[in-house]
Colleague: 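Dumping the structure here so I can ask a few things about it.
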Amino acid sequence: MKTAYSSLGQMLKDKRIISEEQLNRALAHHKRQSIRLGDALIEMGYADQEGIIHCLAEQFNFKTINPMKVSIREDVISAIPKSIAKKNNVIPVAKQHGLLTVAICDPLDISTLEDLRFTLNINVECVLATKDNVESAIKKYYDKEKAVSFDGYLDGFQSIINDADKSFDYGFDADEEIEAPIVKLVTHIIDEAVKTRASDIHIEPFPNKTRVRYRIDGVCQEVHSITRRIHEALISRIKILSGIDITEKRRPQDGRISLDAGEKPIDIRVSIIPTSSGESVVMRILEKSAVLIRLKSMGFAEHDYNNFKSILKKPNGIFLITGPTGSGKSTTLYASLNEVDRSEKKIISVEDPIEYNLSGINQCPVNEKIGLTFPSILRSVLRQDPNIIVIGEIRDVDTAEIAVTSALTGHLVMSTLHTNDAPSAIIRLIDMGIKPFLLSSSIQAVLAQRLVRVICPKCKVSHKMKKEVLEALNIDGIDLENSEFYHGAGCDYCNKTGYVGRKPIFEFMCINAEIRDAIYRNVGTNELRKIARSNGMATLAEDGMRLVRAQITTPEEVLRNTTLCF
């Protein structure tokens with residue numbers, strides 16, 4: 001007799017939704033992770049929720065429904081309390097003649113239906129709906145505070161200033177009547193940015209308008225345009241939240257905001273600079289959950305992961321993480337610290353600014369206004385008997401020299417650097433003024449990284465790669481002609497972009513005797529790269545193609561992030 005799992009798999013295979021190979025992989029995944037086969041198929045991108053739910057309905061003889069496309073009466077919604085609906089992920093959709101119909105996403109969850117019958121003292125029948133549709137319907141019908149659109153907040157504020165004198169001062173010594181709408185407007189902008197997974201909020205003034213953009217998955221997208229008359233009030237509110245002087249408009253200023261957006265505690269790093277059209281603001285959103293990321297979950301190739309762990313066990317030396325701004329260097333740095341035993345080792349970090357507070361680590365903030373620079377703090381840090389020294393960024397020769405000296409005197413030094421790839425980091429330090437013989441003796445490894453966008457799981461389809469991309473990705477040892485490629489066709493879930501989220505790709509250069517000798521001889525970047533590759537280093541592009549073959553990202557995305565440097 002077939003199990004529910006094998007029946008579902010067979011149905012999906014018969015409908016040509018999945019292949020035999022995909023079914024076998026998903027079966028192995030569901031056994032390893034102890035999850036249902038349908039969830040395994042969705043996680044691996046082989047099927048979507050709609051396809052799974054229709055097969056389950058056919059298998060168990062249930063009807064299906066999309067609760068977002070039907071109108072549910074208020075008396076029906078009130079039949080199940082909000083707490084029960086959220087806890088069990090169910091929503092009532094109809095009620096008549098003493099029978100309550102509820103939408104659920106798991107036809108095997110008999111206990112939930114029994115609990116509802118007992119709690120509500122009513123007959124209950126179920127129909128199937130996708131998990132996302134049930135969750136969206138719960139938010140729609142149980143959220144008592146109706147969402148107000150951005151334009152709604154804007155109109156409320158505009159109606160007030162239209163009645164005000166044109167010389168009105170938009171600062172916050174004014175009436176509370178003018179303050180309330182702008183408070184709601186700023187809150188809405190931040191909440192919306194968090195919900196759309198934005199990493200940064202850009203508020204940019206121009207002569208005729210102020211543009212609001214979110215950086216989502218590494219790409220800036222314009223989301224709102226507001227009139228210039230509101231700009232100063234908007235900036236003033238942000239300054240108040242971040243503890244910045246609202247009267248200073250001529251100099252750059254930095255601040256910080258801590259708040260809860262929904263159920264997420266977040267920090268926002270605020271940077272304000274004066275431009276010809278007014279003050280421009282960038283707010284970097286830092287989710288505190290990022291500090292909990294483990295090294296294993298970051299997606300390293302197996303040999304790179306093992307090399308990474310071995311570096312963290314070394315008693316001394318320099319370990320550099322390099323890449324451009326926004327490439328995830330700090331996240332990798334914090335993930336590596338999660339692998340270190342903090343109870344047995346003294347760890348001190350010097351950061352500008354401190355992005356996340358880590359337990360068990362002594363974190364020192366840079367404050368150049370009072371003379372607390374990277375070099376001055378590091379000189380004192382060496383007298384604190386540390387095992388591991390974390391330097392937020394090596395920016396100058398003084399910091400680099402102290403890092404090298406610390407590594408040569410028995411400390412493991414971890415830091416970040418801005419270079420395009422791993423071999424370039426060595427040349428950059430030598431150009432700063434570090435002697436090649438000192439660097440060759442102290443450096444242990446360099447990790448370069450980028451973030452590539454992940455294919456949207458809901459609109460993921462196979463496609464034929466363009467000829468020019470195929471030629472650009474002419475990497476030795478990889479058969480691209482006969483490979484199967486995927487991309488996102490674009491849907492509401494991914495905002496028509498075809499991508500949702502990002503994953504890192506890596507270039508890990510472990511320093512062995514041959515590479516040390518090359519550094520000592522002060523060879524050029526190209527020769528150093530050749531030696532590193534001959535010793536097993538995969539380039540950023542090659543590691544990116546590993547994710548392409550795993551159907552996680554697209555070849556075009558790898559090209560965009562590696563600038564055709566192989």
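The basis for the numbers below is simple: all heavy atoms, side chains too, and nothing from hydrogens, waters or symmetry mates.
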Colleague: Using a strict 4.0 Å threshold on nitrogen-to-oxygen distance, state whether K15 and E58 make a salt bridge.
Modeller: yes
Colleague: Determine yes or no for a side-chain-to-main-chain donor-acceptor pair under 3.5 angstrom, with Q221 supplying the side chain and R213 the backbone.
Modeller: no
Colleague: Measure centre to centre between the rings of F319 and F308, then say whether the value is under 6.0 Å.
Modeller: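 They qualify: ring centres under 6.0 Å apart.
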Colleague: Verify, without hydrogens or angle tests, whether N495 (side chain) and T497 (backbone) share a donor-acceptor contact under 3.5 angstrom.
Modeller: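 Such a contact is absent between N495 side chain and T497 backbone.
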Colleague: Taking the side chain as C-beta and beyond, is there a heavy-atom pair between I80 and Y142 under 4.5 Å?
Modeller: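 Yes; the side chains approach each other to less than 4.5 Å.
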Colleague: Counting heavy atoms not belonging to K95, are there more than 12 under 6.0 Å from its NZ?
Modeller: no
Colleague: Are H202 and M283 side-chain neighbours, meaning at least one heavy-atom pair lies under 4.5 Å?
Modeller: no
Colleague: Checking the side chain of T322 only, and the main-chain atoms of A448 only, is there a donor and an acceptor separated by less than 3.5 Å?
Modeller: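 Not confirmed, T322 side chain does not pair with A448 backbone.
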Colleague: Could you check whether any side-chain N or O of D543 sits under 3.5 Å from a backbone N or O of T539, counting only pairs where one atom can act as donor and the other as acceptor?
Modeller: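 Here the side-chain-to-backbone pair does not exist.
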Colleague: Mind checking what makes salt bridge (Lys or Arg N to Asp or Glu O under 4.0 Å) contact with D75, not counting sequence neighbours?
Modeller: R73
Colleague: Hey, does the side chain of Y334 reach the backbone of K329 with a donor-acceptor pair shorter than 3.5 angstrom?
Modeller: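 A pair under 3.5 Å: no.
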Colleague: When you measure from the side chain of Y214 to the backbone N and O of D200, does any donor-acceptor pair fall under 3.5 Å?
Modeller: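 No; judged by distance alone, with no hydrogens or angles, the pair does not exist.
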Colleague: Taking CG in N61 as the centre, count heavy atoms belonging to other residues, nucleotides or ligands within less than 6.0 Å. Is the count above 12?
Modeller: no
Colleague: Indicate yes or no for a side-chain donor-acceptor contact from Q49 to the backbone of K131 under 3.5 Å, with no hydrogens or angles considered.
Modeller: yes
Colleague: Within the side chain of R117, is there an N or O that forms a donor-acceptor pair under 3.5 Å with the backbone of V124?
Modeller: yes
Colleague: Should I455 and I552 count as side-chain neighbours, where that means a heavy-atom distance under 4.5 Å?
Modeller: no
Colleague: Side chain of R450, backbone of N420: donor and acceptor closer than 3.5 Å?
Modeller: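 Indeed, once roles are kept as given, a pair shorter than 3.5 Å links the two residues.
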Colleague: With a 4.5 Å heavy-atom cut-off, do C126 and F62 have their side chains touching?
Modeller: yes
Colleague: Do any N or O atoms from the side chain of H188 and from the backbone of K184 form a donor-acceptor pair under 3.5 angstrom?
Modeller: no
Colleague: List the atom of L451, the atom of N561, and the distance in Å for their closest heavy-atom pair.
Modeller: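 Heavy atoms only, the tightest pair is O-OD1, 3.0 Å.
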